[in-house]
Amino acid sequence: MDLKTALAEEIAKGAGISAEDAAEMLETPPDPKMGDAALPCFKLAKTLRKAPPAIAAELAGKIGKPEFISEIEVQGGYLNFFYDRKRYAQDTLTQLLAAGENWGSSDIGANKTIIIDYSSVNIAKPFHIGHLSSTAIGSALYKINRFLGYHVVGVNHLGDWGTQFGKLIAAYKMWGNDDEINRDSVAAMLKLYVRFHEEAEKDESLNDLGRAWFKKIEDGDKEAMRIFGWFKELTLREAKRVYEMLDVRFDSYAGESFYNDKIPAVLDELREKHLLVESEGAYVVMLEEENLPPAIILKKDGTTLYATRDLAAAEYRKKTYDFYKNLYVVAYQQNLHFKQLFAVLKKMGHDWADDCEHVAFGMVSLEDGTMSTRHGKIVLLEDVLSRAVEKTLSIINEKNPQLENKEQVAADIGIGAVIFSTLSQNRIKDITFSFDRVLNFDGETGPYVQYTHTRCASVIARHEENSESMDVSVLENDEAFAVLKLLSSFPQTVLAASEKNEPFYITRRLVELAQAFNKYYYEYRIIDEDVCATNARIALARAVKDTLKTGLGLLGIKAPSKM
RNA sequence: GCGCCUGUAGCUCAGUUGGAUAGAGCAACGGCCUUCUAAGCCGUGUGCCAGGGGUUCGAAUCCCUUCAGGCGCGCCA
């Protein structure tokens, strides 16, 4: 049982309210000088018909001071509690040292499956910074939920279906060069695609050619499938190179084409349930009761849409994985699409539609406007990563030229910086991409947290193991106590990140922990002649190191022990 | 026109279910390395929390409204 719960029970006894209510009322004061936990007595004023300060004073007398509380103070309408710091340090460190890098893990997800649909590469399209949010958020949620005991299935819902692939093949047949494609892969495909659009402006008939080739893909034509399969393979090879760098993994690459043969069954089901109605030549599901525009399921020409395949995909996922949650990490531009998708599923009688969730995030744009693949106005993710690594390497050469494994460390720090900056704000906020910002390694950044980790690692490495016990009284100072409180609440942070699908909760907490530790580290020497005191301070450093490493790991960031 | 989202310091952002004087980082300036990694620490200044109304003992937070910006709104994904 944690301290807050224990405190709530004591308060409940004294105030004659339920422990749940007391826990609900307890809060953390804005300044640690005011206390470690506070009970605002304003709400009690109504029922008790007394002024809040009087209630606080009265409660202070009624609540027997538990041994883990060192002091109870009345301040205005607040009743403030101070923890016994020595005891707090002892308890916290004991728990943390036993847990090590598992601090914050849990089994609440046992026997539950979470599907996470993220990154979703488009075939023949470059991997640019616009894909970073989905990839980084999805991957972090993957790691976070697995840490909480969930069985997680990462799905890369490939964008591998649509007339654009017919156009691409048509372009390849006209102007393609195998050597160039093998060498430049996606860049070469993009060139073909752009040229196709340029030429089609002049010659309309090219579009028919493109449609014809797409028809061949649909019909499983041998040549069309061979070329398309080749393009797909090359695109994935390129994407996987980036995934490798980012430490991102998937359990399934079932994309749009995978669901193609599962669509007829969905259409049958929609008809059977009388949901599919003809409208302006197309077939739609009306969503008037839900206050949403109709969802188009079949086009006038009888072909399917994105939404149709997503319906098939959702049903397939439920059938195959029986998920507890089904998350779509997709930009907020698709808000309406997902509302409609879930509404249709619900109308079909699938209660599990409520377990589907759109984890939306903001747009990424460039300083001079929106990105455009077709106009080549993009920043490739690989370029960002390699520039970050390069910069890191030059910093290492300047600050720590003797470092072993420089290249590996530079990769860990540089790439970590990019991921960290992506995950350091609320999902929903738009991002204007800036090299200056991403390549800044000072302050609230990935390298800062990693640096703190190496400080811990290095001080621990200097300490000789011994069998003397800890003297935790040296951790009663404000700086150490602040570190301990942050460490102690790390598990709640992980849980909140999972519940709200917000990896940045962890990012922020790591920054706070690093700041608190750096402050402590500056003020106090860790290793000195007093063995028992040193043991306690080393234990603190070890707990910080493990927690930072765990947290960074959950974000997909490495924690080198030297940098 | 309708719907959703965003608006907090010069810039980028925090701010738990409403709670005590609204906080960080960056940028600027000034300090701190013969001692555990200075990618660090300390200090200095900055706010009509977009505007207005309301609910409440108490509002950056909840409700209404106006403004600004973004996204979306039947055959793209």
Side-chain angles (χ1 to χ4, degrees), chain A residues 24-25 27-31 34 38 40 42-43 45-46 51-52 75-78 80 120 122 159 161-164 256 279-284 291-301 303-307 309-310 330-337 339 360 362-363 365 370 392 395-396 398-400 403 413 417 421 424-426 428-432 434 436-437 440-452 454-463 492-493 496 500 504-505 508 511-512 514-515 517-528 534 537-538 541 562-563:
Chain A
E24 186 96 348
M25 284 170 72
E27 61 185 41
T28 308
D31 187 333
M34 301 174 181
F42 308 99
K43 277 173 194 153
K46 268 198 193 105
Q75 272 179 47
Y78 291 90
N80 292 340
S120 300
N122 288 316
W161 195 256
T163 38
Q164 76 265 29
E256 295 185 49
S279 164
E280 296 170 33
Y283 281 88
V284 307
N291 237 334
L292 292 169
I296 303 177
I297 304 296
L298 284 174
K299 294 193 265 188
K300 232 179 236 166
D301 62 6
T303 55
T304 61
L305 285 123
Y306 182 53
R309 278 182 295 279
D310 264 3
V330 179
Y332 68 60
Q333 276 140 311
Q334 296 192 34
N335 274 352
L336 179 59
H337 164 74
K339 273 188 196 166
M363 306 216 332
S365 58
T370 347
T392 310
I395 295 176
I396 291 174
E398 182 192 314
K399 292 183 191 278
N400 194 0
L403 184 69
I413 309 285
S421 84
S424 55
Q425 67 197 35
N426 198 309
I428 207 68
K429 301 247 163 132
D430 288 337
I431 297 174
T432 303
S434 136
D436 285 350
R437 205 172 307 135
N440 171 32
F441 296 170
D442 300 324
E444 300 172 339
T445 66
Y448 172 77
V449 175
Q450 288 168 316
Y451 177 76
T452 311
T454 63
R455 276 187 149 177
C456 294
S458 119
V459 75
I460 291 166
R462 283 170 179 271
H463 177 65
Q492 278 105 285
T493 303
K500 305 273 187 201
F504 103 103
Y505 286 2
R508 294 220 67 90
V511 167
E512 285 168 3
Q515 283 172 333
F517 182 78
N518 281 324
K519 203 164 281 190
Y520 173 78
Y521 183 87
Y522 182 82
E523 295 289 336
Y524 299 89
R525 226 193 130 70
I526 290 179
I527 299 170
D528 66 11
T534 299
R537 290 184 295 247
I538 285 288
K562 285 182 182 165
M563 65 189 266

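Naming: A, B, ... by sequence-line order, numbering from 1 per chain.
Checking B:A14 for Watson-Crick or G-U wobble geometry (two distances, each under 3.5 Å) identifies no partner in any strand. B:U21 makes up no base pair with any nucleotide shown, lacking Watson-Crick or G-U wobble contacts both under 3.5 Å. Across all strands shown, B:U61 forms no Watson-Crick or G-U wobble pair with both distances under 3.5 Å. The base-pairing partner of B:C2, taking Watson-Crick or G-U wobble contacts with both distances under 3.5 Å, is B:G72. B:C41 is paired with B:G31 under the criterion used here, namely a Watson-Crick or G-U wobble arrangement in which both key atom distances are under 3.5 Å.
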I'd like to know whether A:Asn400 forms a side chain to side chain contact (heavy atoms under 4.5 Å, CB included) with A:Met563, so could you lay out the CA-CA distance, the side-chain angles of the two residues, the decisive distance to 0.1 Å, and finally the verdict. CA-CA 7 Å; A:Asn400 194 0; A:Met563 65 189 266; over 6 Å; no

Quick one: do A:Arg309 and A:Thr304 satisfy side-chain hydrogen bond (donor to acceptor under 3.5 Å, both in side chains)? Show the steps, please. CA-CA 8 Å; A:Arg309 278 182 295 279; A:Thr304 61; 3.1 Å; yes

Given A:Ile526 and A:Arg462, is the side chain to side chain contact (heavy atoms under 4.5 Å, CB included) satisfied, shown in steps? CA-CA 10 Å; A:Ile526 290 179; A:Arg462 283 170 179 271; over 6 Å; no

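Among the atoms of the strands shown, only primed sugar atoms or phosphate atoms (P, OP1, OP2) are found under 4.0 Å from some heavy atom of A:Gln425. Residue A:Glu256 is in sugar-phosphate contact alone, with no base atom involved, counting any heavy-atom pair closer than 4.0 Å across all strands shown. Within the nucleic acid shown, A:Ile526 comes within 4.0 Å of at least one base atom, counting heavy atoms only. Using a 4.0 Å heavy-atom distance criterion, A:Phe504 is classed as a sugar-phosphate-only contact. At the heavy-atom level, A:Glu280 lies under 4.0 Å from base atoms of the strands shown. Across all strands shown, A:Met563 has heavy atoms under 4.0 Å from base atoms, whether or not it also approaches the sugar-phosphate. At a threshold of 4.0 angstrom between heavy atoms, the contacts of A:Asp310 with the nucleic acid are absent. Among the heavy atoms of the strands lying under 4.0 Å from A:Tyr448 are primed sugar atoms or P, OP1, OP2 only; no base atom is included. A:Tyr283 comes within contact range of no nucleotide atom at all, as no heavy-atom separation falls under 4.0 Å. Residue contacts shown for A:Ile297 are absent, as no nucleic acid heavy atom lies under 4.0 Å away. Backbone-only contact: A:Arg508 has heavy atoms under 4.0 Å from sugar-phosphate atoms and none from a base. Residue contacts for A:Tyr332: at a heavy-atom cut-off of 4.0 Å it reaches the sugar-phosphate backbone alone, with no base atom in range. A:Lys300 comes within 4.0 angstrom of a base, heavy atoms only. Across all strands shown, A:Ala38 has heavy atoms under 4.0 Å from base atoms, whether or not it also approaches the sugar-phosphate.
Taking atom C1' on both nucleotides, B:U34 is separated from B:A39 by 22 Å, rounded to a whole Å. Separation of the P atoms belonging to B:U8 and B:U16 is 16 Å when rounded to the nearest angstrom. Using C1' as the reference atom, B:C71 and B:C76 are 16 Å apart when rounded to the nearest Å. Rounded to whole Å, the P atom of B:U66 lies 11 Å from the corresponding atom of B:G3. Going from the P atom of B:U44 to that of B:U55 covers 40 Å, rounded to whole Å. For the P atoms, the distance from B:C41 to B:A24 is 13 Å, rounded to whole Å. Comparing B:G45 with B:G25, their P atoms are spaced 15 Å from each other, to the whole Å. Nucleotides B:C63 and B:G7 have their P atoms positioned 14 Å apart, rounded to a whole Å.
Nearest-nucleotide positions on RNA chain B for A:Val511 and A:Tyr451 put A:Val511 closer to the 5' end. Checking A:Pro40 against A:Lys429, the closest nucleotide of RNA chain B that is more toward the 5' end is the one next to A:Lys429.
B:C13 takes the anti form, because its glycosidic angle lies more than 90° either side of 0.
Residues forming a ring pair (Phe, Tyr, Trp, His ring centres under 6.0 Å) with A:Tyr522 (at least two apart in sequence, or on another chain): none. Residues that satisfy the side chain to side chain donor-acceptor pair (under 3.5 Å) test with A:Gln425, not counting sequence neighbours, are absent from this structure.
Side-chain contact annotation: A:Asp442 with A:Tyr451, donor-acceptor N/O pair under 3.5 Å absent.
Taking all atoms of both residues into account, the shortest heavy-atom contact from A:Thr452 to A:Phe517 is CG2-CD2, 3.8 Å.
A distance of 4.5 Å separates CG of A:Asn80 from CD of A:Gln75, quoted to the nearest 0.5 Å. A distance of 8.0 Å separates NZ of A:Lys562 from CG of A:Leu403, quoted to the nearest 0.5 Å.
If you walk RNA chain B from 5' to 3' and mark each nucleotide with an atom closer than 4.0 Å to a heavy atom of chain A, the marks span B:C4 to B:A77.
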